[in-house]
Q: 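Quick one: structure below, then a few questions.
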Amino acid sequence: QVQLVESGGGLVQAGGSLRLSCAASGSIFRYDTMGWYRQAPGKQRELVAGITSGGITNYADSVKGRFTISTDNAKNTVYLQMNSLKPEDTAVYYCFAGTQSWGQGTQVTVSS
């Protein structure tokens, strides 16, 4: 089971940008899907973005056109570029690989 470590969260004003990184301890080639979930206080965890080993991406409707997921296989890292951030994007963001590997989460706070 790979270890995942997220970074890049923080506090940003509405309209700003952040890039989250998820570094895996091993090769990410073996995972069919990797991506990001988020969970806001009092809300259920929701899928934000996913990417398959073949490079197919999918996004939550709420982030389409603003967020971009990508991978760097040489660095075993998955990224989430978040632009035009809104206060409703405030949440803890979790990276996942496959069905059993999760990161510890990174806080994203967007102020209005």
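One-based numbering along the sequence shown. Only heavy atoms go into these numbers, but all of them, side chains included; no hydrogens, no water, no symmetry mates.
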Q: With the side chain counted from C-beta on, respond yes when Gln44 and Gln39 share a heavy-atom pair under 4.5 Å apart, and no when they do not.
A: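 Sidechains of Gln39 and Gln44: no contact.
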Q: Show me the donor-acceptor pairs, under 3.5 Å and distance only, between side chains in residues 105-112 and residues at least two apart or in other chains.
A:
residue, atom, partner, partner atom, Å
Thr106, OG1, Gly9, N, 3.3
Gln107, NE2, Ala91, O, 3.4
Gln107, NE2, Thr109, OG1, 3.3

Q: Does any pair with a residue in residues 69-81 pass side-chain hydrogen bond (donor to acceptor under 3.5 Å, both in side chains), and if so which ones, sequence neighbours excluded?
A: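 Those involving residues 69-81 are Gln81-Asn83.
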Q: Just jot down the salt bridge (Lys or Arg N to Asp or Glu O under 4.0 Å) partners of Arg66, sequence neighbours excluded, or say none.
A: Asp89
Q: Return yes if some donor-acceptor pair links the side-chain N/O of Glu46 with the main-chain N/O of Tyr37 below 3.5 Å, else return no.
A: no
Q: Is there a chain of hydrophobic side chains (I, L, V, M, F, W, Y, each step under 4.5 Å between heavy atoms) that links Leu20 to Val2?
A: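 Shared cluster, yes.
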Q: Using the benzene-type ring in the case of Trp, are the ring centres of Tyr93 and Trp36 under 6.0 Å apart?
A: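 No, too far apart.
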Q: Should Trp102 and Leu4 be regarded as members of a common hydrophobic cluster, given that ILVMFWY residues are connected when their side-chain heavy atoms come within less than 4.5 Å of each other, either directly or indirectly?
A: no
Q: Quick one: list whatever passes ring pair (Phe, Tyr, Trp, His ring centres under 6.0 Å) with Phe67, sequence neighbours left out.
A: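 Scan of Phe67 (ring pair (Phe, Tyr, Trp, His ring centres under 6.0 Å), adjacent residues dropped) gives none.
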Q: Which pairs with one or both residues in residues 20-30 pass side-chain hydrogen bond (donor to acceptor under 3.5 Å, both in side chains), sequence neighbours excluded?
A: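 For residues 20-30: none.
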Q: Give every residue pair that meets the side-chain hydrogen bond (donor to acceptor under 3.5 Å, both in side chains) criterion with at least one member in residues 51-63, sequence neighbours excluded.
A: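 side-chain hydrogen bond (donor to acceptor under 3.5 Å, both in side chains) check on residues 51-63 returns Arg38-Ser62, Asp61-Lys64.
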Q: Applying the 4.5 Å side-chain criterion to the ILVMFWY set and letting contacts propagate, would Leu80 and Tyr94 be lumped into a single cluster?
A: no
Q: Do Phe96 and Cys22 come close enough that some side-chain heavy atom pair is under 4.5 Å?
A: no
